[in-house]
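The sequence lines fix the lettering, A, B, ..., with proteins before strands; numbering per chain opens at 1.
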Amino acid sequence: MSELTRLSAAELADRISRRETSAVEVTQAHLDRIGSVDPVVRAFLHLDGDGALAAAAAVDEGLQRGDAATSPLAGVPLALKDVFTTADMPTTCGSRILEGWRPPYDSTVTRKLREAGVVLLGKTNMDEFAMGSSTENSAYGPTRNPWDLDRVPGGSGGGSATAVAAFEAPLAIGTDTGGSIRQPSAVTGTVGVKPTYGGVSRYGLVAFSSSLDQGGPVARTVLDAALLHEVIGGHDPLDSTSIDAPVPPVVAAARAGATGELTGVRIGVVSQFRGEGYQPGVLHAFETAVSRLRDLGAVIVEVSCPAFDYALPAYYLIAPSECSSNLARFDGMRYGLRCGDDGTRTAEEVMSLTREAGFGAEVKRRIMLGTYALSAGYYDAYYGQAQKVRTLIIRDFAAAFEKVDVLVSPTTPTTAFRLGERVDDPLSMYLSDLCTIPSNLAGNAALSVPAGLADDDGLPVGLQVMAPVLADDRAYRVAAAYEAARDATDGDPLWSRVPDLTEDRLSGPSIDTEDRLSGPRIAGVVGR
Amino acid sequence: MTAGMTTGLMDYDEVVARFDPVLGLEVHVELSTATKMFCSCPNVFGAPPNTHVCPTCLGLPGSLPVLNRAAVESVIRIGLALDCSIAPWCRFARKNYFYPDMPKNFQISQYDEPIALHGSLELQLADGSTLSVGIERAHMEEDTGKSLHVGGATGRIHGASYSLLDYNRAGVPLIEIVTKPIVGAGARAPEVARAYVTALRDLLRALGVSDVRMDQGSLRCDANVSLMPRGSSVFGTRTETKNVNSLRSVERAVRYEMCRQAAVLASGGEIVQETRHFDEASGTTSAGRRKETSEDYRYFPEPDLVPITPSDEWVEKLRATLPELPWQRQARVQAEWDLSDLELRDLVNAGALDLIAATVDAGAAPAEARSWWVAYLTQQANSRGMELAELGITPQQVARVISLVRAGTLTNNLARQVVDGILAGEGEPDDIIVTRGLAVVSDDSALTAAVEQALAAQPDIAAKIRGGKVAAAGAIVGAVMKATGGKANAQRVRELVLAHCAR
């Protein structure tokens with residue numbers, strides 16, 4: 001493995017801008033790494049090697065001409081979740097119904113990345129339309145957790161988290177509707193941030209649940225996540241729900257936090273997120289993390305947020321309701337899959353056959369759930385009631401943030417579970433997002449930072465830090481301080497302990513190659 | 001079922017003797033904003049199919065709507081002109097249903113939180129009475145695309161072999177204005193329906209918010225009609241008739257539905273709550289596809305848009321932009337021109353009021369402006385089977401003709417010839433005078449010769465004039481006018497005749 005793939009994005013950008021290495025070299029190193037490990041982990045749905053090298057060459061040419069770097073991440077490669085539109089690559093959302101669809105436009109996030117000189121390597125795997133917590137709901141086969149190939153990488157953004165954890169990319173973009181950035185980050189030992197709702201434009205992010213969806217960064221370090229956050233964040237006139245305010249100073253906060261000082265910072269431990277259903281190894285890692293924070297000078301207090309107990313059921317009414325409407329447009333009339341159009345069937349029959357064949361089981365389950373919840377006579381009892389719970393959760397957060405600067409909890413109740421373990425048990429799958437959902441419902445900022453390995457199974461655990469709306473920088477400061485202290489104690493960063501994934505180790509876990517080949521596999525990954 | 005075809009119609013007089021009709025009118029107005037409701041595509045009619053589209057109005061995955069401020073200003077102005085209250089806080093909702101011309105398979109609309117509520121519109125009926133129609137609400141929504149069904153006999157989806165979709169119209173800003181139930185119109189219900197749509201059209205035109213072209217679909221009316229036995233106050237089951245594309249059709253559709261429903265009810269049948277389709281050619285309505293269950297649109301607040309919160313300050317600023325509204329203008333001109341109620345009503349009914357007012361604005365005296373529009377131009381319109389406004393002559397042109405008559409350049413007779421030229425598309429009045437050679441002859445030397453000739457030809461009359469019978473001069477003036485082909489200035493001719501005989 002090229003040493004370049006183990007460097008942080010900040011370090012890579014620095015070397016590229018000082019022309020100690022070139023963006024092309026860096027990109028090639030990551031493409032090589034993808035070529036060797038992606039057949040195993042399957043983080044990518046589409047790879048654009050030529051486009052990436054061309055973008056990297058453009059960065060190098062600019063620097064050669066003496067232009068200033070276009071951003072603090074110019075020339076750094078990135079893996080983009082396949083839910084953001086890209087004019088030069090397909091966008092499938094992990095669904096059969098969008099197989100081969102090439103959007104005519106770039107999402108705002110895509111555009112901002114390109115303008116910043118960030119090199120897009122390709123599109124990453126995900127649970128279909130971001131619905132799931134294991135990436136097993138992808139129509140193109142699961143992604144595997146680099147820490148243990150028999151385990152899931154979380155979801156829905158398992159592809160993005162895995163790409164970063166497996167050194168296929170130093171940076172990735174995910175989306176977080178109920179935890180789809182933070183939970184995969186927690187179980188892959190990466191940093192994942194859900195910015196304040198409205199902090200990152202949703203224009204070109206294929207909607208799952210509009211009032212909850214939020215794009216955000218995935219990285220191996222808190223500073224890298226902050227650098228990426230500042231590139232993609234900010235007001236976008238194309239998104240009405242985008243906040244017209246400056247991006248919180250997350251890079252400055254990450255740098256300040258890295259000095260390890262948290263004196264006087266008030267940190268609340270959410271009492272609802274412990275106890276039954278939590279893996280002992282996770283709780284132990286969490287307690288250790290909290291005591292580290294105390295050692296750094298933070299004041300630790302217990303905070304009760306009773307409405308959080310109702311967050312999960314409320315979420316499973318609101319998100320499916322919105323998705324039932326958002327996904328109505330996939331009808332085979334204008335783009336994507338079309339089934340049964342043989343000249344004998346009506347438009348309605350073609351729509352129905354297309355949706356039957358194009359959507360997977362979990363997507364159908366949620367469309368039906370949401371359709372039911374919005375139906376006349378049930379709206380008040382379900383959707384209306386869930387919105388009231390949402391208000392209560394917002395109030396709990398507001399009350400909590402009167403007392404403390406940030407809240408902390410485990411990111412997810414367990415470490416990575418085994419592939420197939422929860423596919424037939426949706427409710428246990430849904431529990432993966434127990435701790436992450438409240439911040440989606442309330443719209444505040446939250447991140448997951450690696451909190452070591454669980455002592456019972458040796459797998460990564462995530463520490464979730466939640467901050468008020470538009471105070472994303474607070475979460476970064478605390479996470480960066482914690483990260484620095486953790487690495488100082490452990491001697492080496494957690495990410496460096498990911499198992500080697502090169503070929504001689506592949507004999508271990510069994511991989512169903514037949515299944516792997518069924519997806520729209522990427523030209524050029526393996527041979528490069 | 002083919003109720004419309006198998007059931008007969010009850011005679012209209014009998015209908016209104018036995019039943020009270022209840023109307024509800026829903027008018028959709030396409031706003032004439034420069035761009036669409038939620039994206040920056042041009043909002044224009046008649047472009048080649050699918051040329052004014054973008055990810056947002058095509059509903060492509062990932063696209064998002066952003067509300068057009070000009071559309072909100074238009075609906076607030078409409079609301080104010082209809083005396084509605086403007087909600088200080090309102091939202092959009094999603095109306096969910098599947099149809100190929102709806103790019104997202106939901107329509108962004110307003111549901112239980114419309115922007116304008118509880119207004120009224122005063123109608124003047126042909127007999128001079130007035131009727132106030134209550135306005136339930138006015139709300140914003142986006143238009144759908146257009147389906148063109150090819151191969152079917154009627155252009156409807158049934159029997160079509162394929163359909164073409166044009167999304168240029170998708171996302172065009174639409175305002176829906178809904179009346180409260182109109183009760184008590186009785187036999188005048190069809191007239192009331194037409195008068196309402198006419199008044200609303202005139203109002204929207206005065207506001208400058210829409211082209212209000214029913215023929216192009218920028219103003220569309222759905223007519224809800226139900227009957228209840230006379231004296232009852234319990235509304236009957238209603239039908240909603242769509243595809244009513246002209247003012248005349250509004251009247252015909254309501255009348256037809258009343259006769260049809262009365263026949264069904266009189267024969268012991270029940271009215272089915274359904275959407276019906278008006279056929280312009282036959283003047284009848286027919287049932288649309290029957291819905292097995294009532295449509296559940298699963299409305300919920302549109303999460304991609306933020307609530308609209310018009311401040312008092314903004315609303316008052318928009319109120320200040322309201323132009324003189326049709327009824328205000330009527331009251332003003334009635335006073336200014338000293339018209340009786342009857343005279344005013346005739347002008348309104350003839351569609352002449354605005355034209356006269358514009359002619360006055362262009363410099364003509366009210367009496368002359370009125371005279372031209374209600375006399376000669378109305379004749380011309382009638383003989384062509386047109387509305388006055390469609391004649392092809394502008395108030396400015398009429399005002400110019402009037403000023404030329406005043407200046408003596410044209411006689412009334414010549415002026416009519418100039419107007420004929422304008423109606424024939426020959427150009428502006430001054431050009432037509434030149435091309436048709438219509439200027440009045442005021443040259444004394446030319447006229448003097450003609451006067452002398454006429455006097456010589458009728459010596460007995462000349463003698464009468466010389467004897468002091470000034471009234472006899474008319475005959476000589478007439479002869480001169482005839483000789484000059486009407487181009488002579490009659491006043492000047494008379495002066496010359498009298499001067500000649502006084503010698």
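Under the 4.5 Å side-chain criterion, counting only non-hydrogen atoms from C-beta, B:P61 is in contact with A:F330. For the pair B:M102/A:D331, no side-chain contact is recorded, criterion being any heavy-atom separation below 4.5 Å from C-beta on.
Between A:Y203 and B:S63, the shortest heavy-atom distance links the atoms CE1-CA, 4.1 Å. When all heavy atoms are compared, the tightest approach of A:M351 to B:Y99 is CE-C, 4.2 Å. In this structure, A:S240 and B:V306 approach most closely via the heavy-atom pair O-CG1, 3.5 Å. A pairwise comparison of heavy atoms in B:G59 and A:R329 identifies O-NH1, 3.0 Å as the closest pair. Nearest heavy-atom pair, A:L238 versus B:L64, reported as atom, atom and distance to 0.1 Å: O-CB, 3.7 Å. Closest non-hydrogen pair, A:T371 versus B:R298, comes out as O-CD, 3.4 Å.
Looking at A:R334, its side chain does come within 3.5 Å of a backbone N or O of B:P103 through a donor-acceptor pair. Without hydrogens or angle criteria, B:D296 side chain to A:A376 main chain gives a donor-acceptor distance under 3.5 Å.
For B:Y299, the part sitting under 4.5 Å from any heavy atom of chain A is the backbone (N, CA, C, O) and nothing else. With a threshold of 4.5 angstrom between heavy atoms, A:N326 approaches chain B through its backbone and through its side chain. Both the backbone and the side chain of B:D304 come within less than 4.5 Å of a heavy atom of chain A. At a 4.5 Å heavy-atom cutoff, the contact between B:L58 and chain A is made by backbone atoms alone.
Counting heavy-atom pairs closer than 4.5 Å to chain B, the top-ranked of the candidates A:G377, A:A207, A:S325, A:S210 is A:S325. The most heavy-atom pairs under 4.5 Å with chain B, out of A:T91, A:L205, A:L374, come from A:L374. When B:Y167, B:F98, B:Y162 are compared by the number of non-hydrogen pairs under 4.5 Å with chain A, B:F98 comes out ahead. Counting heavy-atom pairs closer than 4.5 Å to chain B, the top-ranked of the candidates A:Y105, A:Y378, A:Y383 is A:Y105.
Within a 6.0 Å sphere centred on CG of B:D312, other residues, nucleotides and ligands contribute 12 heavy atoms or fewer. Atom CZ of B:R238 is surrounded by 12 or fewer heavy atoms from other residues, nucleotides or ligands within 6.0 Å.
Summarising the geometry, atom CD belonging to A:Q387 is positioned 9.5 Å from atom CZ belonging to B:F300; distances are rounded to the nearest 0.5 Å.
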